[in-house]
There are 2 protein chains.
Amino acid sequence: MKDHSVREELVQHASRLIRRRGYNGFSYRDLGDLVGVKTSSIHYHFPAKGDLVFEVMRQYSEMSSLQLNAINADLPLVEQANQHMHSLRYDITLNEICLAGMLPADVLDLPDAVRLQLRAYFEMHEQWLDALLQRAVPERGQAYPVPTLAFAKETE
Amino acid sequence: MKDHSVREELVQHASRLIRRRGYNGFSYRDLGDLVGVKTSSIHYHFPAKGDLVFEVMRQYSEMSSLQLNAINADLPLVEQANQHMHSLRYDITLNEICLAGMLPADVLDLPDAVRLQLRAYFEMHEQWLDALLQRAVPERGQAYPVPTLAFAKETE
DNA sequence: GTCTATACATGGATAGAC
DNA sequence: GTCTATCCATGTATAGAC
């Protein structure tokens, strides 16, 4: 069953505030007003703002990980890709930017721990996709196309 | 020749600060320290922070428009696409997010005028790409592929 | 666990001297 | 056009009563 504790409500509303306004775009007052508590109560649960965003990102990563692992690896690869897409599109249906898309904008103000969470999140998806595409190679009889427009290699 | 007036330095450094920290992530103090003037001097040139970001975005849009129009429409379409990509990749070589990629994160705090600038910027690129792809149709003998994975149409 | 009260820093902005 | 000085709102955070 759902957890309706104040702590959990704080996390949920904070997640929404971050997606809408960015990490620097909301205050403890904003969050307290939404949940119906004072800022000092938020500090009781999350001493610093960094602790709050850490928990928000932790839950987001956990959910995303569960969704990835829930995809049956025996299904056709295209079907697996579609299921993956289906979970990614969730935020889009809400007309919102996902957490992992919003947080990087304020990355210089995030605690190191949260930056590591973000890195892990992206690597998780990258590795999942890479594994899927590797498996697709024998099916197509050739390597999958990598973006190789002129600019891709011109790094200095 | 380059304009080295204080006003222009403010715009350039503000552009950089926005790309790195976001609109909400830097202060007039930060900017003043970089340029070597006091915050009150910034207010002389740009009474409100919204005026500053407007000028930053105005110059960015203008530059982007010039780059688009500089592409010779008689070149092969792939070559045109590559030239377009080449100008877009500029920020990436600096390991930075481009202005139009960063500002939307703080869109709820931007003046309406800047939101309109952003909308116009994206529409400009969309229309340029659309025109290019339309011209590509006869070359390939069929309509160009639109992203139509399962999720694309499932809007409610 | 939540509150009131408050501390303390920062941020945007203005007034007026030079 | 730039400065000093200052205002006032906001933001994070803490102390201590209940």
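Values reported hereafter were calculated over all heavy atoms of this structure, with side chains retained and with hydrogens, waters and symmetry mates removed. In the text below, chain A, chain B and the rest are named by the order of the sequence lines, each starting its count at 1.
Atom-to-atom, CG of B/Asn24 to P of C/dT10 comes out at 17 Å; the value is rounded to the nearest Å. Counting to the nearest Å, the P atom of C/dT10 and the NZ atom of B/Lys49 are 15 Å from each other. Straight-line distance from the NE2 atom of A/His43 to the C1' atom of C/dA7: 12 Å, rounded to whole Å. Distance, A/Asp51 CG to D/dT12 P: 13 Å, rounded to whole Å. Counting to the nearest Å, the P atom of D/dG11 and the CG atom of A/Asp33 are 10 Å from each other. If you take CD of A/Glu9 and P of C/dT2, they are 11 Å apart, rounded to a whole angstrom. Rounded to an integer number of Å, the gap from OH of B/Tyr28 to P of D/dC3 is 15 Å. The distance from atom CD1 of B/Ile42 to atom P of D/dT2 is 11 Å, rounded to the nearest whole Å.
To the nearest 0.5 Å, the span separating CG on B/Asn24 from CD1 on B/Ile18 amounts to 10.0 Å.
With salt bridges taken as basic N to acidic carboxylate O contacts below 4.0 Å, one links B/Arg21 and A/Asp109.
For A/Lys49 and A/Tyr28, the positive end is not near the middle of the six-membered ring at less than 6.0 Å and at most 45° from its axis.
Taking the nucleotide of DNA chain D with the nearest heavy atom to each of A/Ser27 and B/Arg7, the more 5' of the two is matched to B/Arg7.
Every residue two or more places apart in sequence or in another chain that forms a side chain to side chain donor-acceptor pair (under 3.5 Å) with B/Ser64 is listed here: B/His125. Every side chain to side chain contact (heavy atoms under 4.5 Å, CB included) that B/Ile97 has, sequence neighbours left out, goes to B/Met102.
Ring pair B/Phe46/B/Phe54: centre-to-centre distance not below 6.0 Å.
When heavy atoms are screened at a 4.0 angstrom cut-off, B/Phe26 is found touching the sugar-phosphate backbone but no base atom. In this structure, B/Tyr44 reaches the bases: a heavy-atom distance under 4.0 Å links it to at least one base atom across the strands shown.
Picking from C/dA13, C/dT2, D/dC3 the nucleotide with the shortest atom distance to the side chain of A/Val6 gives C/dT2.
In this structure a side-chain-to-backbone donor-acceptor pair under 3.5 Å is missing from B/Asp91 to B/Glu96.
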Short N/O separations, protein against nucleotides 4-9 of chain D, under 3.5 angstrom:
{"residue": "D/dT4", "atom": "O4", "partner": "B/Ser40", "partner atom": "OG", "Å": "2.9"}

